[in-house]
Amino acid sequence: MAVAACSTDFIRDSACRDGHAAAHLKFISIFLIFFTSVIGVSLPVLLTRFFHGKPLYDKAILIIKCFAAGVILATSLVHVLPDAFDALSDCQVASQHPWRDFPFCGLVTMIGALLALLVDVTATSHVEHSHYNPVETEEKPRTDSAGDIGLLVSVDSKSEIGNLGGGSCHRRREGEEELVKLKQKLVSQVLEIGIIFHSVIIGVTMGMSQNQCTIKPLVAALSFHQIFEGMGLGGCIAQAGFSFTTTSYMCFMFSVTTPMGIVLGMVLFSITGYDDSSPKALIMEGLLGSFSSGILIYMALVDLIAVDFFHNKMMSSNQGLKRGCFVALLLGSASMSVLALWA
């Protein structure tokens with residue numbers, strides 16, 4: 001039965017294979033996907049710069065970030081993970097040992113999530129030790145009139161102690177704010193790594209494909225996909241407060257990754273004639289997709305949704321803002337989920 005199903009799929013794919021038509025579609029997709037990626041990732045950054053300094057700035061950036069979290073969560077669970085599962089469940093792969101013996105898709109997804117946790121914990125610990133230095137009172141020995149030697153603090157007056165305490169609290173608040181900013185930057189950078197990983201897989205797979213029936217709907221669907229995914233990443237980049245140079249670099253890298261993946265896939269096919277539907281290609285696609293899905297799931301749930309809904313003081317004191325953020329989260333996840341009808 002499995003052999004018959006594989007034969008039917010092969011006949012259907014052969015009827016759609018047209019290298020010339022596929023190459024024409026891929027050249028169009030390179031420019032279209034680049035343009036839509038630039039729009040998607042730049043829009044949240046430009047909006048936050050427009051609202052910066054205005055009363056609604058903090059609320060606007062929080063709502064944008066919640067929309068972004070929904071987009072990223074849906075990307076991982078509705079797009080990346082099912083595609084990875086389909087690749088490893090293909091009859092050419094699932095009939096072989098050891099792929100038929102164990103659910104590798106779930107295992108590699110778990111490894112990706114745990115690795116993201118390890119990176120998160122290690123980097124956060126390093127940042128805390130590097131930027132948080134508690135102020136300690138200085139003690140020194142002094143001989144009193146009776147000749148006894150004791151440890152007495154060098155600050156003797158109450159006013160000096162009060163000034164020292166006030167300065168310490170101020171420095172501690174500044175240190176905590178700096179730590180939050182550094183954490184946001186770390187989240188944005190790890191998130192971009194996961195998204196770029198996913199974008200490269202999409203681009204290379206599309207670039208190597210010679211099936212015009214598959215590429216046609218992908219061109220339009222991936223354009224919208226890049227807009228929403230770019231908005232997700234752009235919202236996190238905007239909140240992190242990077243410099244203009246770093247922000248531009250991160251936006252540029254996201255925008256060119258999928259087009260570069262398409263070009264790389266076309267070059268690989270022209271050099272090697274490598275079949276994107278071969279078992280080795282499907283295994284590689286499934287494993288890399290599962291790994292990036294684990295990273296994105298962790299980032300969406302732990303570093304975006306949990307942080308904003310459970311550890312954000314502004315949201316905890318404003319029920320209306322909390323409802324607005326939840327609606328934004330639903331809209332982000334719904335908009336990305338609808339695209340699964342086409343890609």
Fill in the blank from the handout: Distance col, row L331:CG vs C66:SG, nearest 0.5 angstrom, shows 11.5 Å

Problem - M110 with V121, same ILVMFWY side-chain cluster at under 4.5 Å - result: yes

Problem - Heavy-atom side-chain contact between I28 and H24 under 4.5 Å - result: yes

Problem - Transitive ILVMFWY side-chain link F310 to L62, under 4.5 Å - result: yes

Handout entry: Spacing of F291 atom CZ and L287 atom CG [to the nearest 0.5 Å]
Key = 11.0 Å

Handout entry: Between CE on residue M299 and CG on residue L233, distance to nearest 0.5 Å
Key = 10.5 Å

Practice task
Return yes if some donor-acceptor pair links the side-chain N/O of T247 with the main-chain N/O of F244 below 3.5 Å, else return no.
Solution key: no

Exercise for the section: Decide yes or no for S333 and L73: does some side-chain heavy atom of the first lie under 4.5 Å from some side-chain heavy atom of the second? Expected result: no

Handout entry: In one Ile/Leu/Val/Met/Phe/Trp/Tyr side-chain cluster, 4.5 Å: L301, L81
Key = yes

Practice task
Considering non-hydrogen atoms only, spot the tightest contact between S76 and S293 and give its length.
Solution key: O-OG, 3.2 Å

Problem - Smallest separation among heavy atoms of L88 and V93, with atom names - result: O-CG1, 3.7 Å

Fill in the blank from the handout: Sorted by chain and residue number, the ring-ring contact (aromatic ring centres under 6.0 Å, His included) partners of F102 (sequence neighbours excluded) come out as F104

Exercise for the section: Please report the closest heavy-atom contact between S292 and G289, naming both atoms and the distance. Expected result: OG-O, 3.0 Å

Completion exercise
Between T36 and I227, the two heavy atoms sitting closest are O-CG1, 3.5 Å

Problem - M250 vs T246, side chain to side chain contact (heavy atoms under 4.5 Å, CB included): CA-CA, chis, key distance, verdict - result: CA-CA 6 Å; M250 293 180 74; T246 304; 4.1 Å; yes

Handout entry: Taking every non-hydrogen atom, the tightest pair across S223 and I33
Key = OG-CG1, 4.2 Å

Problem - side chain to side chain contact (heavy atoms under 4.5 Å, CB included) evaluation trace for Y298 with L115 - result: CA-CA 10 Å; Y298 173 85; L115 184 62; over 6 Å; no

Problem - Nearest heavy atoms of Q92 and Q96, plus distance in Å - result: O-NE2, 2.9 Å

Handout entry: From OG1 (T257) to CD1 (I262), nearest 0.5 Å
Key = 11.0 Å

Practice task
Look up atom CG in L114 and atom CD1 in I295, then write down how far apart they are to the nearest 0.5 Å.
Solution key: 11.0 Å

Problem - 4.5 Å side-chain heavy-atom contact, L288 and V200 - result: no

Exercise for the section: State yes or no: do I297 and V307 share one hydrophobic cluster built from I, L, V, M, F, W and Y residues joined by side-chain heavy-atom distances below 4.5 Å, directly or via other members? Expected result: no

Practice task
Could you pull out all residues at least two apart from F67 that satisfy ring-ring contact (aromatic ring centres under 6.0 Å, His included)?
Solution key: none

Practice task
Decide yes or no for D308 and C325: does some side-chain heavy atom of the first lie under 4.5 Å from some side-chain heavy atom of the second?
Solution key: no

Practice task
Please round to the nearest 0.5 Å and tell me the distance separating atom CG of L304 and atom CG of L296.
Solution key: 10.0 Å

Problem - Common cluster, F35/V45, ILVMFWY with side-chain heavy-atom separation under 4.5 Å - result: no

Exercise for the section: Step by step, work out the side chain to side chain contact (heavy atoms under 4.5 Å, CB included) result for F254 and Q226. Expected result: CA-CA 9 Å; F254 169 78; Q226 291 301 102; 3.7 Å; yes

Handout entry: Sequence-distant partners of F326, side-chain contact (heavy atoms from CB on, under 4.5 Å), two or more places apart
Key = F309, L329, L330

